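Read the structure below first, then the notes.
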Amino acid sequence: MPRIRNGSMLVGAMFIASMGLFSAVANAQNVETTPPAAPQQAPSVESAAAGVPVKAADETTAAFLSRVNTTNPDTVSIAAAELFKQSPTQGMIRDLVTIASSTDAATADVTGKVTSGFPIIAVSTSAAQFSEQLSGLILSDSGQLPTIVALAQKVGNKDFSEVVGEGLALAHATAMRNGNTILAAAIQLQTKGANVPADLLIAFSENIEGTAAGPAAPAAAAAAASPIGGAGSSPASANSIGGSGTAGDAGGTAQAGGGSAPVGGGGGSSGGTTGSTGTSFFTTINNFFSTGSTTTPVSTSPV
């Protein structure tokens with residue numbers, strides 16, 4: 001009897017042990033087969049950003065930059081420079097200059113940031129285009145001239161001052177070439193105004209030397225080489241009066257006031273040996289300035 005009881009107890013113990021082992025194995029399988037939870041990823045910088053604003057076709061430049069200032073205020077200066085790069089026109093320059101020159105306190109923040117965008121343009125690949133379009137803007141709207149020069153003073157940047165100076169020199173040369181001397185003079189006066197950046201004036205002066213004088217330079221040189229009454233040009237020249245040319249009448253080569261025949265002297269005119277009394281020289285000068293005639297003067301000396 002005790003043997004049976006001991007056997008029953010042994011069987012029961014084995015059964016309990018097997019159940020415990022089965023439970024442990026089952027739990028282990030559950031742990032292994034349960035998929036790990038997906039780690040949470042931090043949002044990337046690109047997805048966190050609200051996207052770069054794009055200027056709508058019907059949106060003004062001022063409205064667009066105000067919107068950029070609201071969504072991402074640190075990029076307004078770059079956005080302003082990028083606008084000109086995308087649309088390098090006179091109209092875009094006018095818009096940016098107007099915004100940067102505003103004195104409205106309500107838009108002071110945007111105004112300052114747009115002003116800081118001009119030096120970016122000046123050192124970019126768009127600098128030459130800016131000078132060209134600036135020149136065209138001044139030629140088409142001269143009222144922008146003082147505003148642009150004042151903006152260069154406000155910006156106070158060497159690179160931008162040089163770009164503006166080059167644009168003004170180009171406008172000056174074009175105005176002179178087109179005969180618009182009033183605008184050319186106004187441009188030159190603006191560059192010499194008070195508080196104008198020295199770099200602007202230097203750039204203007206250096207670029208104007210080879211272009212601004214234009215066709216006037218050869219005429220000035222010719223006039224200097226052939227003064228009134230000097231030798232070396234014919235009397236028919238517009239640059240001299242009474243020069244010792246060869247276009248006189250067949251009798252002689254010295255006209256009134258010629259280098260070889262002083263007034264009253266014995267110049268060889270029309271075969272005569274007696275010089276005039278001086279009347280011929282002054283009559284010629286009066287006729288030139290009153291009528292603009294450049295024909296060969298006729299000697300009044302007696303034949």
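Bear in mind that the values here come from a model prediction, so they are computed numbers and not experimental data.
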- Under 4.5 Å between side-chain heavy atoms, hopping through other hydrophobics if needed: is there a path connecting V164 to I208?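 As far as the 4.5 Å side-chain criterion goes, I208 and V164 are connected within one cluster.
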
- Message: Is there a path of hydrophobic side-chain contacts, each under 4.5 Å between heavy atoms, that joins L201 and I148?
- Response: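 No, no single cluster joins them.
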
Show me the donor-acceptor pairs, under 3.5 Å and distance only, between side chains in residues 189-196 and residues at least two apart or in other chains.
residue, atom, partner, partner atom, Å
T191, OG1, Q188, O, 2.6

- Item | Listed partners of A128 passing side chain to side chain contact (heavy atoms under 4.5 Å, CB included), at least two apart |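 A128 satisfies side chain to side chain contact (heavy atoms under 4.5 Å, CB included) with no residue once adjacent residues are dropped.
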
- Query: Under the side chain to side chain contact (heavy atoms under 4.5 Å, CB included) criterion, do R94 and D141 qualify, and how do the steps go?
  - Reply: CA-CA 10 Å; R94 182 188 289 108; D141 183 6; 4.2 Å; yes

Closest approach of [X] and [Y], non-hydrogen atoms and distance?
| X | Y | value |
| --- | --- | --- |
| A127 | V163 | O-CG1, 3.8 Å |
| F64 | V54 | CE1-C, 3.6 Å |
| P53 | T71 | CG-OG1, 3.7 Å |
| L65 | A80 | CD2-N, 4.0 Å |
| L145 | I138 | CD1-CD1, 4.1 Å |
| L139 | A171 | CD2-O, 3.6 Å |

Taking the side chain as every heavy atom from C-beta outward, state whether [X] and [Y] have any pair of such atoms under 4.5 Å apart.
| X | Y | value |
| --- | --- | --- |
| R67 | E59 | yes |
| V97 | L137 | no |
| S131 | L170 | no |
| K55 | T61 | yes |

Looking only at atom types and distance, does a side-chain atom of [X] sit under 3.5 Å from a main-chain N or O of [Y], one as donor and one as acceptor?
| X | Y | result |
| --- | --- | --- |
| S126 | Q129 | no |
| T75 | I78 | no |
| S116 | G112 | yes |

Which pairs of donor and acceptor atoms, one on a side chain in residues 151-159, lie under 3.5 Å apart (sequence neighbours left out)?
residue, atom, partner, partner atom, Å
K154, NZ, A100, O, 2.5
N157, OD1, D159, N, 3.1
N157, OD1, F160, N, 2.9
K158, NZ, E162, OE2, 2.5

- Pairs in or reaching into residues 70-93: which pass salt bridge (charged side-chain N to carboxylate O under 4.0 Å, His left out), with residues at least two apart or in two chains?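 Salt bridge (charged side-chain N to carboxylate O under 4.0 Å, His left out) check on residues 70-93 returns no pairs.
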
- Item | Residues in salt bridge (charged side-chain N to carboxylate O under 4.0 Å, His left out) contact with E132, at least two apart in sequence or another chain |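 Checked E132 against salt bridge (charged side-chain N to carboxylate O under 4.0 Å, His left out); zero matches.
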
- Query: For K113, which residues count as a salt bridge (charged side-chain N to carboxylate O under 4.0 Å, His left out) partner, sequence neighbours excluded?
  - Reply: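 For K113, the residues satisfying salt bridge (charged side-chain N to carboxylate O under 4.0 Å, His left out) (neighbours in sequence not counted) are D109.
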
- Message: Could you measure the distance from the CD1 atom of I187 to the CD1 atom of I182? Nearest 0.5 Å is fine.
- Response: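 If I round to the nearest 0.5 Å, the distance is 12.0 Å.
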
- Only one of I99, D104, T98 forms a side-chain contact (heavy atoms from CB on, under 4.5 Å) with S102, so which one is it?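 Among I99, D104, T98, the one that satisfies the side-chain contact (heavy atoms from CB on, under 4.5 Å) with S102 is D104.
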
- Query: Is it true that the side chains of D199 and S161 contain a donor and an acceptor less than 3.5 Å apart?
  - Reply: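 Per modelled atom types, D199 and S161 side chains form no pair under 3.5 Å.
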
